[in-house]
Number of protein chains: 2
Amino acid sequence: MTDGMINYREKAYALLKTDADKIVKLIQVQMDNLTMPQCPLYEEVLDTQMFGLSREIDFAIRLGLVDEKDGKALLDTLERELSMLHEASTKKRVR
Amino acid sequence: MTDGMINYREKAYALLKTDADKIVKLIQVQMDNLTMPQCPLYEEVLDTQMFGLSREIDFAIRLGLVDEKDGKALLDTLERELSMLHEASTKKRVR
């Protein structure tokens, strides 16, 4: 493997991680300020962002820059984080 | 530039072109068989696919694998093709 290839692999994964973190922050802001988790707009924004990220991950996998299991793990981690955010937000509202 | 880097650039562009062609084919099939161009479902499918492709292109640009002008040109060409398809389909219906 050449240096160039290793750099692209690292950069691809770092970009995907950045985009996943952006989704967490976006949803965090939405939950804190804008809409209820039950709001259809919230679901739509989340679906759109998850779809966009999954297309990026799929593209990186097809390019051979990210391993399939790493791409799947990244999405799984993001889904767990979002589900924890959702739960925390629901609890806050019940209090 | 190493061989590895050149290969990733070529592969990235080829994948994006493949995905753009897939959208053209999908829309072609939709126009021939399923729904009118005025149908909201058609618009939604097209918007979703265009959004997915633009995220892939943006990701490739950020990775440094595709030049910004080439990515833009790919989307512009696709939009022209879709608009020609749309026009042809409308004319057929008027006859």
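Throughout, a chain's letter reflects where its sequence line sits, starting with A, and its residues are numbered from 1. Note: hydrogens, waters and symmetry copies are ignored here, and every other heavy atom, side chains too, is used.
In this structure, B/E68 and B/I61 approach most closely via the heavy-atom pair CA-CD1, 3.8 Å. Heavy-atom minimum distance, A/T48 versus B/F51: O-CE2, 3.4 Å. Smallest separation of non-hydrogen atoms from A/Y13 and A/V66: N-CG2, 4.4 Å.
One finds the CD atom of B/E43 at 11.5 Å from the CE atom of B/M50 (value rounded to the nearest 0.5 Å).
The shortest side-chain heavy-atom distance between A/L53 and A/E56 falls under the 4.5 Å cut-off.
A salt bridge links B/R9 with B/D67: the distance from a Lys NZ or Arg NE/NH1/NH2 to an Asp or Glu carboxylate oxygen falls below 4.0 Å.
Identified by a heavy-atom distance below 4.5 Å to chain A, the contributing residues of residues 16-24 of chain B are B/L16, B/D19, B/K22, in residue-number order. Within residues 77-85 of chain A, no residue has any heavy atom closer than 4.5 Å to a heavy atom of chain B.
Contacts between B/S54 and chain A at a heavy-atom distance below 4.5 Å are absent for every atom of the residue.
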When you look at A/F59 and A/L63, which way does the side-chain contact (heavy atoms from CB on, under 4.5 Å) test go after all the steps?
CA-CA 6 Å; A/F59 181 71; A/L63 258 178; 3.7 Å; yes

For A/I57 and A/K72, what are the C-alpha separation, side-chain angles and deciding distance, and is it a side-chain contact (heavy atoms from CB on, under 4.5 Å)?
CA-CA 8 Å; A/I57 291 175; A/K72 200 184 166 316; over 6 Å; no

